[in-house]
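Below is one structure; the comments refer to it alone.
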There are 2 protein chains.
Amino acid sequence: MVKRTRRRAVRPTHDERTEQRILEAAHAVFVRRGTAGARMQEIAQEAAVNQALLHYYFRSKERLAEAVFRRAAGELLPRVIDVLGSDAALEEKVARVVELELDHLLRAPFLPGYLISELHHHPERVPQLISAITGLAPGDISSKVFVKLRAQIAGRVEARTMRAITPDQFVVNLLALCVFPFAARPMLMALLGIDREGFERFIERRRAELTPFFLKALRP
Amino acid sequence: MVKRTRRRAVRPTHDERTEQRILEAAHAVFVRRGTAGARMQEIAQEAAVNQALLHYYFRSKERLAEAVFRRAAGELLPRVIDVLGSDAALEEKVARVVELELDHLLRAPFLPGYLISELHHHPERVPQLISAITGLAPGDISSKVFVKLRAQIAGRVEARTMRAITPDQFVVNLLALCVFPFAARPMLMALLGIDREGFERFIERRRAELTPFFLKALRP
DNA sequence: GTCTATATGTTGATAGAC
DNA sequence: GTCTATCAACATATAGAC
């Protein structure tokens, strides 16, 4: 009888912990340097392994970059989509998205810059982004969230408590107000003359002001 | 008497037209690939000159990248700063910034993605950004615009026609709503299931809605 | 000023020992 | 699985002819 350890292991010769260490090191380096600027040597060093091991686990720089991108892409939007597609009231959704995004981005302030840069220079990543968010086709994501939002907005408009706005403009405005400060962080820090700490205070103030700002914008 | 053509020419052996052609080719390539991903060969090809000529005009890839960045950086903010620092009424300023930005970005939709990517991966460019906007120190830019805005907002608040907001949050919100859709363009196009043309229609709708949206957000 | 040809240095990737 | 040593392929930059 053939000796075997775990049945599920598609790649039985890969150490889960090492793979994870490499992935996290790669994440750090790719986020900091961009895919084109990243060096396999720097990743190996940051993971405290040899450069050859990177290829043993991920075959090529491109595949490693893709793995990192998928992981990062799956981190930003899914929870937002969940909230926006939920049954919560519209005002509640706005408040929760603001809270969710600012909380998360304060802990990963470089994520927007990395994702924007990556999608800008590697359009081939766009489908990977979609599949990282969900297994559905692009249209299906939209429909689920947008149909829901459209109905809720229509209800508010009919009740004269809100002006009309298309669901896509609604979502883009909300994301813009949350995400842009992080995407433009280096520029803003220079323009406002603040350091990392000052930036965090700036975001903390937004946390309280953004929801009222957004909701009042939609009053009739 | 020594023959000389133009007294002002610091680099008399440089053809102005060729330099400009190289600069524009470099702009195209750097914007499309990013500094790290750009290849001197591709730039030379796009400028229809030899690769050696690039070094003759700009000495190194790094210097060429810097020249391109400065040019691009000087294109986005200065006019916005002029408007925000002007004597126009607050509501007028918002409308003009929206108009200005959307108009410009529709013609250069990749600019935000490039600038964000560049500043993200090359923090050493931040001072270059500042000096590209104006020769002043960081603090001076802020003060000129922000002092003016602060006074105007205070006036509106006193007249009970506007809620209180700090000038920096005011500016960041305005920029976010204008610039973010372009920075996140590839993502949005996928998420909304639209093509280039659909994106332009999306922006055209924003042109009309953004100013009211923003101003109503600040009503008391 | 603009070209061809080439030097010089990196970088991703592989071979093979342990 | 993890390492050392090395290859082959660029990419930047320069030398030198025209």
Side-chain angles (χ1 to χ4, degrees), chain A residues 3-6 8-69 118 121-122 124, chain B residues 3-6 8-69 118 121-122 124:
Chain A
K3 175 186 176 186
R4 68 181 177 210
T5 48
R6 272 162 292 159
R8 293 263 308 251
V10 180
R11 298 166 305 181
T13 55
H14 281 202
D15 184 315
E16 207 62 42
R17 274 170 292 277
T18 305
E19 178 165 333
Q20 206 54 32
R21 267 220 330 283
I22 291 175
L23 213 49
E24 269 162 39
H27 176 90
V29 174
F30 277 123
V31 166
R32 161 163 82 242
R33 311 268 187 219
T35 299
R39 295 294 164 251
M40 295 295 270
Q41 171 52 27
E42 189 176 356
I43 297 173
Q45 192 173 336
E46 187 128 345
V49 296
N50 192 275
Q51 192 175 339
L53 211 60
L54 268 47
H55 290 88
Y56 177 77
Y57 275 87
F58 291 91
R59 274 188 58 89
S60 74
K61 180 186 177 183
E62 174 52 34
R63 282 171 184 265
L64 181 52
E66 187 180 322
V68 166
F69 177 79
E118 210 61 12
H121 298 306
H122 304 272
E124 73 272 15
Chain B
K3 175 186 176 188
R4 66 179 177 209
T5 48
R6 273 163 290 161
R8 291 264 308 251
V10 181
R11 298 165 304 182
T13 55
H14 281 202
D15 183 314
E16 206 64 40
R17 274 170 292 278
T18 305
E19 177 164 335
Q20 206 56 31
R21 267 221 328 286
I22 291 176
L23 213 49
E24 268 161 40
H27 177 90
V29 174
F30 278 123
V31 166
R32 165 162 80 240
R33 312 265 187 222
T35 300
R39 297 290 165 253
M40 295 295 270
Q41 171 51 29
E42 190 176 355
I43 296 172
Q45 191 173 336
E46 187 129 346
V49 297
N50 192 274
Q51 193 174 337
L53 211 59
L54 269 47
H55 289 89
Y56 177 78
Y57 276 86
F58 291 93
R59 275 188 59 86
S60 73
K61 180 185 177 183
E62 173 54 34
R63 280 169 185 267
L64 181 52
E66 186 179 322
V68 167
F69 177 80
E118 211 60 11
H121 297 307
H122 304 272
E124 73 272 17

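Reminder, nothing fancy here: chain letters follow the sequence lines and each chain counts from 1. Note that the structure is predicted; figures quoted are calculated from it, not measured.
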Given atom OH of B:Tyr57 and atom P of D:dT14, what is their separation to the nearest angstrom? 17 Å
Rounded to whole Å, please give me the gap between CD in B:Glu62 and P in D:dT12. 12 Å
From D:dT2, D:dT12, C:dG12, nucleotide with atom closest to A:Asp15 side chain: D:dT2
Return no unless some side-chain N or O of B:Ser60 is found under 4.0 Å from OP1 or OP2 of D:dT12. no
On a heavy-atom basis, which atom in A:Ala47 and which in A:Ile22 lie closest, and how many Å separate them? CB-CA, 4.0 Å
Length of the CG-C1' vector between B:Leu54 and C:dC3, whole Å: 13 Å
Name every residue in residues 38-50 of chain B that has at least one heavy atom under 4.0 Å from any atom of DNA chain C, in order of residue number, or write none if there are no such residues. B:Val49, B:Asn50
Output the rounded distance in Å from CZ (A:Arg33) to P (C:dT11). 11 Å
Exam field: side chain B:Tyr57 to backbone B:Asp15, donor-acceptor pair closer than 3.5 Å: yes
List the residues meeting side chain to side chain contact (heavy atoms under 4.5 Å, CB included) with A:Gln45, not counting sequence neighbours, and say none if there are none. A:Gln41
Starting at atom NE2 of B:His55, determine the distance to atom C1' of C:dT6, rounded to an integer number of angstrom. 14 Å
Closest non-hydrogen atoms of A:Ala38 and A:Arg33, given as atom of the first, atom of the second and distance, are N-CB, 3.6 Å
Return the nearest nucleotide to the side chain of A:Ala52; candidates are C:dA13, D:dC3, C:dT2. D:dC3
Exam field: side chain A:Arg63 to backbone A:Phe58, donor-acceptor pair closer than 3.5 Å: no
Calculate, to the nearest 0.5 Å, the distance between atoms CZ and CD belonging to A:Arg32 and A:Glu46 respectively. 4.5 Å
Whole-Å gap separating P (D:dA13) and CZ (B:Phe58): 13 Å
Nearest-angstrom distance from the residue atom CD of A:Glu19 to P of D:dT2: 11 Å
What is the separation between atom CD on A:Gln51 and atom C1' on D:dC7, rounded to the nearest whole Å? 13 Å
Separation of B:Met40 CE from B:Leu53 CG (nearest 0.5 Å): 10.5 Å
